[in-house]
Each structure stands twice: as structure tokens, then as C-alpha cells.
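Okay, structure first, notes after.
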There are 2 protein chains.
Amino acid sequence: MNYITKLQNHDLKATPQRLEIVDILYKSGHINIDDLYVSLKNKFPSLSLATVYKNINTMRDRVFVSEVKIPNKKSLYELKKDEHAHIICTKCNSIMDITLQTSEILDQAEELSRYKIEQTAIIISGICPKCLSQTMQ
Amino acid sequence: MNYITKLQNHDLKATPQRLEIVDILYKSGHINIDDLYVSLKNKFPSLSLATVYKNINTMRDRVFVSEVKIPNKKSLYELKKDEHAHIICTKCNSIMDITLQTSEILDQAEELSRYKIEQTAIIISGICPKCLSQTMQ
DNA sequence: CTAAATGCAAAGCATTTGCAAATAT
DNA sequence: ATATTTGCAAATGCTTTGCATTTAG
């Protein structure tokens, strides 16, 4: 399915600015507002930062993008996908998605807390393979 | 060990304001800056919000408090303890600590990502038992 | 006594809002 | 044709900074 249809499915008009936002999100995986704004400026020099905020906010509200809150960092945004964890490198800030088998800890959590669980956010910090190999040299 | 010694162990002078911050953090478990400021104002009417920020920031830097970033919420602060997950009620915003057996998913994460893991932040959202029972009525 | 902390005001960022003009459907 | 979106400027909100005064150790 193409970006235009995906946007429309979420009641979002497919403006050129939005199409480019989706494209950047898709290509970068995860990006913060400022970097997104800088990227967008290439194609739309007259673009206003307010428009980026408005769009990211409505896209968040329409469950089309999600915000990833990372300890000690500005939030990143990504296109909404199935639930997954994030692992981020404290050296180079690269970030990747990983899909973990969480049912066991969720059972534990439900047992311990007696909450009805709806969502889980897992952010793991560490050193990525690339930085690890550089450290060893 | 008392608060004074604990502060001093982290190279923090035990001012009355700080002692009260620690006491509020201890009693509340988790609190955001604004609520903390309001609480502190009771005892220190002349207290400035800047002082609260400065203190929370230095306490964070000295690894005496930690920041908990929650999806769609302002950050909360808590006294530093052993690593643990947080579970938060999307209805009433109550939050509790839970200690989960995370070794399995961390093994998975390490296997999948090849990262060297340093830290894990797990925030679970759901409905707390109290709100659950109210919903059913 | 001295280095650190406080409180105030001002500065600095980040984010949102209001509104006229442009645009997607 | 109309409701939504854009872009601008201004407003708001949050956090930090500078500095004189106070205070903990």
C-alpha cells in the first residue's frame, strides 16, 4: 500500500509535506523533530517548524507514528508498527528495533501488579557491535 | 542510614531544601517537577523553581535520583534504587515499581542485536486493580 | 573561612496557537 | 466548495543561567 492511501486511512490529507515526512520516517527508521525539520527543509525551503510539530502531533494522535522516549535524549519518532523494543548505543546513538518474546515478563508483571496490561515500552541501552569493535582496538 | 549521610555520600550538601526533596521523593515514590515544587512550597514559601531544577539535575548527575520517562507524560523522578520496571495506570496515573526477571529477554536482546547491554528501561501501561474494579461496576 | 547552594530575574529553548492564504479532496 | 493544512509571527511554557546573598561543612 502506498503512502497516500496509508495517510488517508488515518484521516490525514496527503499533502506533499506529509508524504515527505513519511518518506523520511521510513528511510531513517527513527528521527527527532529537529533532524526531521532539517531534512524536510531540503525539499520545502519555506516549511515552518510549526508545521512539523502540528503534523507529528496529529500523526501521533491518529496512531500513525509513535514517539520513543529515550533516557537522557530528545524523543524520536517512528512509523507505527507492531510492538517492539528499542536498543540504543550510548556511544554513537544508533538505534535498532528488536522483537522480543515478552510474554513471560508480562505474565510476571500482571501477576505482581494485578494490572490489566495494555502496552509495553522497552528501551535497552548499551554499546553497539561497531562501537564495541572500535573500543577493543 | 539517614538522609544527611546519603546526600553527603553523593557529594551533595544537606541543605534543608534538599532534605525535604528527599523526603518527598521517598514518600511519593515518583513525582514530577511541578508537583514536587508545590509540595516543597509548603515548607519553603520562598523556594524558587530554579532551585528545584538545579537540585534535581545535580541529583540526577550524581546518580542519586533517576528520571522515569513515561509515554505521553511529563517525566517523573524517584530515588535511585536497584533496576526495576514501572507499571502505570492509564486511568488514574498511579504508578508502581515491579521487579521482573529480565534475564531471558536480555539474553534475547543481546543475541539479536549483538549489543553489550548496560541498562534497561521497562515501562508498562495498563489499568490498575482499583480502576479495573470500578470499571466493572 | 570557603566552596556550594539559594532565590530572584532574565535569558534561552521548545512547543503551541491564531490567523490569513493556499490546497487536497 | 469546504474543511483542512500551511506558514508566519506571536504567545506560551519549560528549563537554564548569571549573579548577589546566604549557608553548610
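In what follows, chains are A, B, ... by sequence order, proteins preceding strands, each numbered from 1. Everything quoted here is computed from the prediction, not taken from an experiment.
Using a 4.0 Å heavy-atom distance criterion, A/Ile33 is classed as making no nucleic acid contact. A/Pro16 comes within contact range of the sugar-phosphate backbone alone, with a heavy-atom separation under 4.0 Å but no base atom that close. Looking at heavy-atom distances under 4.0 Å, B/Thr51 makes contact with a base.
Distance from the side chain of A/Tyr53 is smallest for C/dT15 among the nucleotides C/dT15, C/dT25, D/dT6. Minimum atom distance to the side chain of A/Ser46 is reached by D/dG7, of the listed C/dC8, D/dG7, D/dT6. Of the candidates D/dA3, C/dA14, D/dC14, D/dA3 carries the atom nearest the A/Lys13 side chain, counting heavy atoms from C-beta on.
Atoms CG (A/Asp61) and C1' (D/dT4) sit 15 Å apart, rounded to a whole Å. Taking atom OH on A/Tyr37 and atom P on C/dT16, their separation rounds to 15 Å, with Å as the unit. We find that CG of B/Leu47 is positioned 12 Å from C1' of C/dA5, with the value rounded to whole Å. We find that CG of B/Asn55 is positioned 13 Å from P of D/dA24, with the value rounded to whole Å. Between the CG atom of B/Leu49 and the P atom of C/dT6 there is a distance of 13 Å, given to the nearest Å. For B/Ile4 and D/dG25, the CD1 to P distance is 7 Å, given to the nearest whole Å. Straight-line distance from the CZ atom of B/Phe44 to the P atom of C/dT6: 9 Å, rounded to whole Å. Per the geometry, CE belonging to A/Met59 stands 13 Å off C1' belonging to D/dT6, to the nearest Å.
Looking at A/Asp82 and A/Thr99, their side chains never come closer than 4.5 Å, going by heavy atoms from C-beta outward.
Close to C/dT16, at under 4.0 Å from its OP1 or OP2, lies a side-chain N or O of A/Asn57. Under 4.0 angstrom from either OP1 or OP2 of D/dT5 there lies no side-chain N or O belonging to A/Thr15.
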| B/Glu104 and A/Leu100: CA distance, side-chain angles, deciding distance, side-chain contact (heavy atoms from CB on, under 4.5 Å) verdict | CA-CA 10 Å; B/Glu104 279 206 16; A/Leu100 301 173; over 6 Å; no
| task | Report the C-alpha separation of B/Asn32 and B/Lys73 in whole Å, then their side-chain angles, then the decisive distance to 0.1 Å, and conclude whether the side-chain hydrogen bond (donor to acceptor under 3.5 Å, both in side chains) test is met. | result | CA-CA 10 Å; B/Asn32 69 36; B/Lys73 296 262 153 55; over 6 Å; no
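If you run side-chain contact (heavy atoms from CB on, under 4.5 Å) between A/Ile56 and each of A/Asp61, A/Leu36, A/Thr51, only A/Leu36 comes through.
Counted within 6.0 Å of CD on A/Glu118, heavy atoms from surrounding residues, nucleotides or ligands total more than 12; the atom is thus considered enclosed.
Closest-nucleotide positions on DNA chain C for B/Gln17 and A/Arg60 were compared, and the one nearer the 5' end corresponds to B/Gln17. Place B/Ala14 and B/Ala50 on DNA chain D by their nearest nucleotides, and B/Ala50 ends up nearer the 5' end.
Side-chain atoms of A/Lys54 and base atoms of C/dG18 include a donor and an acceptor less than 3.5 Å apart.
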